[in-house]
Structures are given as C-alpha cells and as structure tokens.
Q: 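Right, I'll just put the structure down here and ask away after.
Keep in mind that the numbers below use all heavy atoms, side chains included, and drop hydrogens, waters and symmetry copies. Counting convention: from 1, in listed order, for ligands and their atoms alike.
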Amino acid sequence: MTGMLETVDPQERFLEFFKIEKYRQRISQMAISGRESIMADFEELLAFDQKLTEKLLEKPDEYLKHANNAAYAQLQIEDPEYAEKIETVTVRIVQLLETAQLRKLGSNNIGRLVMVEAIVVRSTPVRPMVMQASFKCKRCGTITRIDQTGQFLRAPFECSDPSCRAKGPFEFVQEESAFIDSQDLRLQERPEDLPPGQLPRTLNVKLVGSEIVDVARPGDHVSIVGIVRAFAPSRPGVGKLRTFILYVDANSIEVLGKEPEATLPSPEEEEKILELAKDPWVHRKIISSIAPSIYGYEHVKEAIMYLLFGGVPKTLPDITVRGELNALLIGDPGTAKSQLLQYVARIAPRGLYTSGRGTTAAGLTAAVIREKGGGMNLEAGALVLADKGVACIDEMDKMRPEDRVAIHEAMEQHTVSVAKGGIVATLNARTAILAAANPALGRYEPHRTVAENISLPVTILSRFDLIFVLRDVPNKEADEKMSEHILEIHRKGLSPAEPPMQSELMRKYVSYAKGIRPVLTNEALKRLGDFYLAMRSASEAEGSPVAITARQLESLVRIAEARARAALRKEVLAEDAEAAVSIMKRSLEEVGIDVTSYKMDIDLIMTGKPKSVRDRLQIILSTLIEMEKETGIVEKVALLSELESKYKVSRGESERLIAQLLREGTIYEPRQGCLKKT
Ligand SMILES: Nc1ncnc2c1ncn2[C@@H]1O[C@H](COP(=O)(O)OP(=O)(O)O)[C@@H](O)[C@H]1O
Ligand SMILES: [Mg+2]
Ligand SMILES: [Zn+2]
C-alpha cells in the first residue's frame with residue numbers, strides 16, 4: 001500500500017490537492033485580481049498528504065516546480081484563456097508548522113524550505129532583474145536568448161546562428177529581454193527572540209516577483225517562507241571563497257501584526273496578576289519590583305513604572321497624540337543610569353537597549369546606506385526596531401548629528417521620514433523612550449540650567465515628559481545605607497530585598513495591562529485642569545515667566561492614564577491625577593524650577609535660560625550691537641565696564657554670560673580680547 005503511494009507522480013498529487021473546492025476557487029479567481037500566484041496553506045497540505053509535504057520541505061526546488069505545474073494545469077481547466085496569457089503559476093506556501101530560529105540556521109538547512117519570523121532592518125528599492133537576456137551578435141546581428149539564473153549576467157557561449165558561431169562580441173538588448181521585479185531585504189532577530197546579552201543576527205532574503213516585492217518595509221515584522229541557499233562571495237582576482245554565506249530565496253512573505261508577542265499568562269499567573277491589581281498598594285509593589293538591586297531612586301522607578309505601562313494614544317481625524325511616555329535621566333557618572341536602562345530593556349515587552357550612537361549604521365532613527373555595488377539601502381535604526389516597545393537609549397547626548405535632526409519627528413509624531421538617494425519612506429517609531437545622558441562638564445552643576453548641563457538641544461529636551469537629575473553628592477547617612485546595600489549584594493550574590501514581583505511576572509503584568517484603555521473621570525479631569533490653570537494664571541502678569549505649556553498638560557494625562565493601567569483600572573481616578581501632578585512637580589523641581597511659589601519658568605527648559613538670565617543676555621547683546629555701531633570691533637574690557645556702569649551687571653556675571661554666548665555661537669572672538677555679534 002505505502003509502496004504504491006510512493007510511486008504516485010507528485011504533480012498528480014498536487015493536482016488533486018488543487019481540485020479541493022477552496023483551491024479551485026482561488027485558481028479560478030486569479031484572472032479577476034490579475035494574480036500570477038496562489039497561496040497554499042502548509043497545514044492543509046499536510047492534512048492532505050503528509051509524505052508529499054515532507055518531500056516539499058526536503059526538496060523544495062523540485063517539489064515547488066511540481067506544485068506550480070499542477071496549479072497551472074488546474075488553471076488551464078478553470079480559465080484556459082488566462083492560462084494562455086500568463087504561462088506560469090507560482091504556488092506560495094504560507095505558515096509552516098515550525099519557525100526556524102535565525103541564529104540556528106546552518107549548513108544542514110541548505111536547500112530546504114524553512115519559515116523565519118524576524119524584523120526587516122534593511123531593504124533595497126524594487127529593481128528589475130533579468131530572467132531571460134537577449135544578446136545581439138555584433139558580426140551577424142542574430143539574437144541569442146539565455147535564461148539567467150546565477151548572480152551575474154551570463155552571455156552566450158557562441159552565436160546561435162549555425163553559419164556564424166562567433167564567440168562574441170555580443171551586445172545586451174534590453175528591449176528584447178524579460179525582466180522581473182526583485183528586492184533584497186535584510187532580516188534581524190526580533191528583540192523579543194534575543195537571548196539576553198546577545199547581539200542580534202541578520203539574514204539576507206531575496207524576493208523575486210511583483211507580488212512579493214515592496215510588501216514589507218524596514219521595521220516591519222515578517223514571516224517569510226523560503227529556500228535556504230548559500231553563495232560564495234568572490235574576491236576579484238582571487239576567485240570564490242570557500243566559506244559560503246547563507247541567504248533565503250523567498251517563496252512567500254507575510255507582514256505580521258505589530259503588537260509585541262504577548263506572552264499570555266497562565267491561569268495561575270492571571271490569578272496572581274488580578275490579585276496584585278486589587279491590592280491598594282499595587283503601585284508601591286510594582287515600584288519596589290523595578291530593579292530591586294538598585295538602591296533608592298524611588299521617584300525614578302515610579303517614572304519607569306509609568307513609562308512601562310504608558311498612556312492611551314488618541315487618534316483624531318486630524319491629529320494623533322502619542323500615548324507613550326519619554327523620560328530622561330541626567331546624571332553624574334556611576335549613578336546606576338546604565339544599570340536602570342538595561343534592566344528596563346530586559347523587562348519591557350519589546351525592550352531594546354542601545355547607546356546614543358546606535359549599534360548599526362542607521363543609528364537611532366534610519367539611514368540610507370550605499371551598498372558595495374553602488375545601490376541604495378534603507379536601514380531602520382533603534383527607534384524603528386523598538387516600534388510599539390521601549391527604547392532605552394544610553395548616552396543620548398552622543399547621538400549622531402543626523403539623528404539630532406530626525407529624532408524630533410520620532411519623539412513627537414512617532415514616525416521617521418527618509419528622503420535620500422532616490423528612497424522616500426516614512427517608518428513607524430511608536431516607541432517609549434527612556435534615555436540617559438551624562439553632564440557635558442563631567443558633573444552636574446546645579447547652579448546651571450539643564451540645557452547648559454547637557455549637550456542636547458532644548459527642542460529635544462522639551463519632548464521628554466519627565467526629566468530627573470541623578471547627582472552623586474557625598475552624604476554620610478545615605479552613603480552608609482547605600483554601601484550597606486551594595487556590599488550585601490556582593491556578599492550574597494542576590495538582591496537584599498525580595499521583590500514582590502519577579503521580572504517574568506512583571507513582563508506579563510505589563511502586557512496584560514496594555515490591553516486596557518482607561519478613561520479620565522470628571523474628578524481626574526478637574527484635578528489636572530486646576531493644576532494647569534493655577535500654573536498658567538501665575539504667569540499672567542505681563543513679563544513674568546510662562547509656567548507651563550500644553551505639552552505638560554498632555555504629559556500629565558499620559559501619566560495619570562498609565563497609573564490607572566498599572567492597577568488594571570478602566571477609569572482614571574482623582575488619585576491618579578494627583579500622583580501625576582506630584583511627579584511632574586518633582587521633575588520640574590529637579591530641573592531647577594521653583595514650584596512652591598507657582599512661579600515655574602518653563603522657559604528654563606524650552607530655551608535653556610530663565611527669564612531673568614534671558615533679559616540680561618538681551619542687555620549684553622544690545623549693548624554689544626550699540627558699541628559695534630560706534631567702533632566696529634568691541635574690546636571685551638570696554639564692554640564689561642559699560643555693562644557695569646550703565647546696567648549694574650557685575651563683571652563676574654557678565655564674564656559668565658559672555659562665555660555662554662560664545663559657547664552658543666551668538667557672538668564670537670574675531671581676535672583675542674575682542675567680541676563681535678555673529
Ligand atoms: N543606587 C545604587 N544602588 C546599587 N548600585 C549602584 C547604585 N548606584 C550605582 N551603583 C553601582 O555603580 C555601578 C555604576 O553604575 P552605572 O549604571 O554604570 O552608572 P552610570 O551609567 O550612571 O555611569 C554599577 O555597578 C551600579 O550597580
Ligand atoms: Mg553609563
Ligand atoms: Zn553571429
């Protein structure tokens with residue numbers, strides 16, 4: 001019986017498969033949609049004929065050909081006219097039972113059909129590829145056609161005219177050649193598939209055919225079924241290398257949903273989660289479960305909690321408002337910033353840790369990269385790869401100049417646009433950002449403004465919902481507690497305090513909570529509104545600093561929503577609004593704003609200068625301009641005495657402000673001791 005089955009012609013078996021009603025329908029509808037391929041479900045094929053399916057996995061080149069021929073034969077029955085027109089049908093297999101792990105692909109997979117799920121990091125534009133090339137003999141003018149398969153364009157061995165048989169020269173005739181659309185992608189392991197502490201691996205994929213090119217963009221998560229192949233890169237003048245490089249010839253591609261894979265909690269875990277959420281101290285418990293080995297920083301951990309859960313994005317017909325929170329930690333070296341970031345990247349669903357420079361050529365946003373052959377590639381950077389997740393950016397102050405420009409759009413609109421080298425694209429970057437930056441002067445100087453302390457433009461600073469300063473100041477009592485804590489960790493090799501929630505459960509808790517979209521209650525709305533209006537009215541008097549802007553109001557809403565989510569509540573209560581106001585106040589205080597008097601000066605963040613300083617800078621500038629009109633070049637000493645006598649600005653203060661203007665590039669020193677406005 002089994003012997004008989006094996007002798008059945010595989011093409012016949014495929015033909016029987018395509019006679020199943022569902023596939024007959026698909027085939028008969030090909031003409032309507034103008035398709036030249038049909039999808040075949042792996043599982044259905046398996047249920048139909050297990051042997052055939054095994055062969056398909058083992059020898060896909062041969063068996064896909066049988067499948068294609070069978071589908072074409074069925075098309076000749078269903079729609080002979082269309083069959084006449086398209087000449088071939090491609091069968092595309094989707095959803096194999098198993099996903100091959102990208103990092104485990106190796107020589108034993110070569111020639112086999114596999115499915116990989118990964119993230120697209122790089123793509124070329126769609127390019128025509130020659131399938132059949134026509135060459136004209138320069139002696140007699142005869143055209144010789146050569147089917148193309150390899151990597152390089154192959155010319156005829158000799159002229160096909162029997163009376164000529166010249167071995168060249170030949171001329172490639174584009175109009176008489178047959179082309180097909182092709183595209184190369186580079187896949188990378190998804191952050192969630194990555195073993196902790198490992199760098200992601202990549203794999204190149206070749207797409208051929210108008211129905212599978214241009215389906216996925218960098219940043220998309222895809223499932224690709226294809227044949228594993230290897231090619232030997234050649235070195236000019238040396239020949240082919242013995243070590244081959246793996247790539248995949250795609251048979252089908254599907255773009256997967258963008259939500260991070262929710263690792264569903266088991267029934268027991270779900271019970272634990274619901275139990276925790278009912279606890280009136282749930283927020284405290286979450287906070288003390290965040291990086292338990294790191295001592296103190298309760299407020300920073302509270303901010304991290306809000307960032308993990310996030311607010312609710314709003315999509316209105318005309319605008320969208322992000323739900324994700326951005327937080328920045330500025331701090332002295334050795335204040336556990338990197339440790340906190342790495343911890344968050346580990347527990348956040350689709351968390352990603354990167355340095356400001358990024359780990360790839362694409363940096364934080366995206367880049368168009370010229371490949372060796374001269375073609376252009378679009379490559380996704382960290383924020384695009386962490387789409388719908390949390391990007392932890394260490395040493396953000398050291399980001400590439402290109403990213404400084406592009407990151408504004410990424411942080412507010414949550415997209416990254418690229419237009420360069422013929423590539424125009426907008427990629428999604430719906431990412432919560434937890435960033436760290438080191439003070440520009442080595443240590444944080446509290447008497448200077450935030451903008452003066454770090455080398456990030458204020459336009460970027462103002463896009464952070466919360467900013468905290470971590471300072472390393474000696475304090476006997478705190479130092480004792482901290483050293484005790486750290487030494488305890490080193491003695492026991494574990495955290496001194498057992499966290500209420502282990503990180504595995506925490507990740508599931510966060511995923512679970514993300515499904516809730518809390519709505520603001522009237523009481524919560526009132527608390528937020530009152531705070532905002534109080535701040536605004538404090539600055540109504542003419543000339544007084546602007547306390548707070550609409551940006552902060554949106555931040556408050558996000559924080560309050562995140563807090564409700566953390567308790568798995570569908571409603572944002574007054575207590576959430578109050579907590580949001582209090583952490584916002586704390587953040588504003590940390591950046592040097594006096595909250596108690598209600599005289600907050602958001603200009604400090606927006607322009608990097610408190611109003612009083614701005615006024616004085618203005619005086620210095622206008623005095624300089626006045627004096628320039630008289631003398632052309634202004635001696636610094638002359639300016640200093642003018643400022644002292646006329647405006648009562650002390651020499652020390654003037655010196656400091658002049659140095660600041662020089663740093664900013666508002667003025668410059670044409671020669672030693674002289675000043676001029678730029
Ligand atoms: N509050 C703290 N609790 C526990 N360990 C700390 C604390 N502050 C600093 N450390 C330790 O000091 C070291 C330096 O931390 P790191 O994250 O590299 O600092 P940063 O990135 O701020 O320069 C780490 O080993 C960290 O665990
Ligand atoms: Mg660090
Ligand atoms: Zn010829």
Side-chain angles (χ1 to χ4, degrees), residues 133-146 155-173 176 197 287-304 327-347 353-359 391-399 433-444 453-456 467-499 590:
S134 298
F135 291 91
K136 191 177 188 174
C137 173
K138 286 212 170 169
R139 294 265 167 77
C140 69
T142 305
I143 295 247
T144 306
R145 290 176 215 282
I146 304 285
F157 173 66
E158 57 179 23
C159 176
S160 58
D161 184 340
S163 60
C164 172
R165 295 249 179 256
K167 298 241 179 337
F170 298 103
E171 187 190 355
F172 176 66
V173 190
E176 306 247 342
I287 292 168
S288 51
S289 301
I290 292 174
S293 309
I294 293 184
Y295 176 80
Y297 299 139
E298 294 294 307
H299 60 298
V300 174
K301 292 180 180 181
E302 184 182 343
I304 289 175
L328 172 66
L329 310 177
I330 308 170
D332 293 338
T335 47
K337 300 183 298 297
S338 300
Q339 294 279 5
L340 277 168
L341 262 58
Q342 274 167 354
Y343 177 85
V344 172
R346 270 202 306 278
I347 62 156
Y353 175 89
T354 183
S355 88
R357 290 194 185 90
T359 40
C392 300
I393 308 173
D394 210 348
E395 318 212 348
M396 192 183 192
D397 45 323
K398 303 204 177 54
M399 70 181 143
I433 297 177
L434 177 62
N438 291 312
L441 307 162
R443 292 214 149 235
Y444 196 86
N453 262 297
I454 66 169
S455 43
L456 275 179
I467 300 178
F468 295 107
V469 177
L470 311 186
R471 293 186 55 210
D472 186 14
V473 260
N475 169 318
K476 189 156 179 292
E477 202 184 324
D479 287 348
E480 266 170 20
K481 283 216 185 97
M482 162 98 101
S483 71
E484 207 173 283
H485 178 98
I486 293 182
L487 292 175
E488 188 74 350
I489 293 176
H490 282 267
R491 193 169 66 82
K492 287 203 277 185
L494 24 100
S495 192
E498 180 69 13
E590 294 235 333

Q: In the structure I gave you, are the side-chain heavy atoms of L341 and L329 within less than 4.5 Å of one another anywhere?
A: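 A side-chain contact exists here, since the closest heavy-atom pair is under 4.5 Å.
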Q: Can we say K136 and E171 salt-bridge, meaning some charged N sits less than 4.0 Å from an Asp/Glu carboxylate O?
A: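 So K136 does not pair with E171 through a salt bridge.
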Q: If I compare all heavy atoms of S160 with all of T142, which pair ends up nearest, and what's the gap?
A: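 Scanning both residues, the minimum pair turns out to be OG-CG2, 3.8 Å.
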Q: Give a yes/no verdict on whether any heavy atom in G296 is under 4.0 Å from an atom of ligand 1.
A: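 G296 does not count as a contact of ligand 1 under the 4.0 Å cut-off.
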Q: How far is atom 2 (C) of ligand 1 from its nearest protein heavy atom, and which residue and atom name does that atom have?
A: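 Checking every protein heavy atom, the shortest distance to atom 2 (C) of ligand 1 gives M482 SD, 3.4 Å.
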Q: Can you list the atoms of ligand 1 that are under 4.0 Å from a heavy atom of I294?
A: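 Answer, ordered by atom number: 1 (N), 2 (C), 3 (N), 4 (C).
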Q: Is atom 26 (C) of ligand 1 near the protein, in the sense that some protein heavy atom lies at less than 4.0 Å from it?
A: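 True for atom 26 (C) of ligand 1.
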Q: At the Zn ion (ligand 3), what's the angle from C159 SG to C140 SG, rounded to 10 degrees?
A: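 So the angle at the metal works out to 100°.
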Q: Backbone, side chain, both or neither: what part of A436 comes under 4.0 angstrom of ligand 1, heavy atoms only?
A: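 Within the 4.0 Å criterion, A436 makes no contact with ligand 1.
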Q: Report yes or no: does N438 have an N/O/S atom closer than 2.8 Å to the Mg ion (ligand 2)?
A: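 Here the distance criterion (N, O or S atom, under 2.8 Å) is not met by N438, so no.
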Q: Examine N438 against ligand 1 and note whether any of their N/O atoms are separated by less than 3.5 Å.
A: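 It does not: no N or O of N438 is found under 3.5 Å from an N or O of ligand 1.
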Q: Work out which heavy atom in G331 is nearest to a heavy atom in P439; give both atom names and the distance.
A: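 That closest heavy-atom pairing would be O-CD, 2.9 Å.
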Q: Say whether Q339, considering both its backbone and side-chain N or O atoms, lies within less than 3.5 Å of an N or O atom on ligand 1.
A: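 Looking only at distances, the answer is yes, because the N/O contact criterion of under 3.5 Å is met.
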Q: To check your reading of the model: name the closest protein heavy atom to atom 23 (O) of ligand 1, its residue, and the distance in Å.
A: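 Ranked first by proximity to atom 23 (O) of ligand 1 is G334 N, 2.7 Å.
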Q: Could you tell me whether some N/O pair between P333 and ligand 1 is separated by less than 3.5 angstrom?
A: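 By distance alone, the answer is no.
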Q: Nearest protein heavy atom to atom 4 (C) of ligand 1, by residue and atom, and its distance?
A: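 The protein heavy atom lying closest is S293 O, 3.5 Å.
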Q: Which residue and non-hydrogen atom of the protein lie closest to atom 6 (C) of ligand 1, and at what distance in Å?
A: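 It is I486 CD1, 3.8 Å.
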Q: May I have the angle between C164 SG and C137 SG with its vertex at the Zn ion (ligand 3), rounded to 10°?
A: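 Value, to the nearest 10 degrees: 110°.
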Q: With heavy atoms of Y297 as the reference, note each atom of ligand 1 found under 4.0 Å away.
A: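 That gives atoms 1 (N) of ligand 1.
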Q: Which atoms of ligand 1 have any heavy atom of T335 under 4.0 Å away?
A: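 Those qualifying, in numeric order: 8 (N), 19 (O), 20 (P), 22 (O).
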Q: I'd like to know whether CZ of R139 has more than 12 heavy-atom contacts from other residues, nucleotides or ligands below 6.0 angstrom.
A: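 For R139, atom CZ is not crowded (no more than 12 foreign heavy atoms under 6.0 Å).
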Q: Out of all atoms in ligand 1, which are within 4.0 Å of some heavy atom of Y295? Include the element for each.
A: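 The atoms of ligand 1 under 4.0 Å from a heavy atom of Y295 are 1 (N), 2 (C), 3 (N), 4 (C).
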Q: Might you point out which heavy atoms bring Y343 and S289 nearest each other, and give the distance in Å?
A: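 Shortest heavy-atom separation between Y343 and S289 comes out as OH-O, 3.0 Å.
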Q: Could you check whether atom 13 (C) of ligand 1 has a protein contact, counting only heavy atoms that fall below 4.0 angstrom?
A: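 No, there is no protein heavy atom closer to it than 4.0 Å.
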Q: Ignoring hydrogens, what is the shortest heavy-atom contact between C137 and F170? Give both atom names and the distance.
A: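 Result for this residue pair: CA-CD2, 3.8 Å.
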Q: Less than 4.5 Å apart, side chain to side chain, heavy atoms only: is that true for I454 and M396?
A: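 They are not in contact (no side-chain heavy atoms under 4.5 Å apart), so the answer is no.
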Q: If you look at every heavy atom in D397 and A436, which pair is closest and at what distance?
A: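 What the structure gives for the nearest pair is OD1-O, 4.3 Å.
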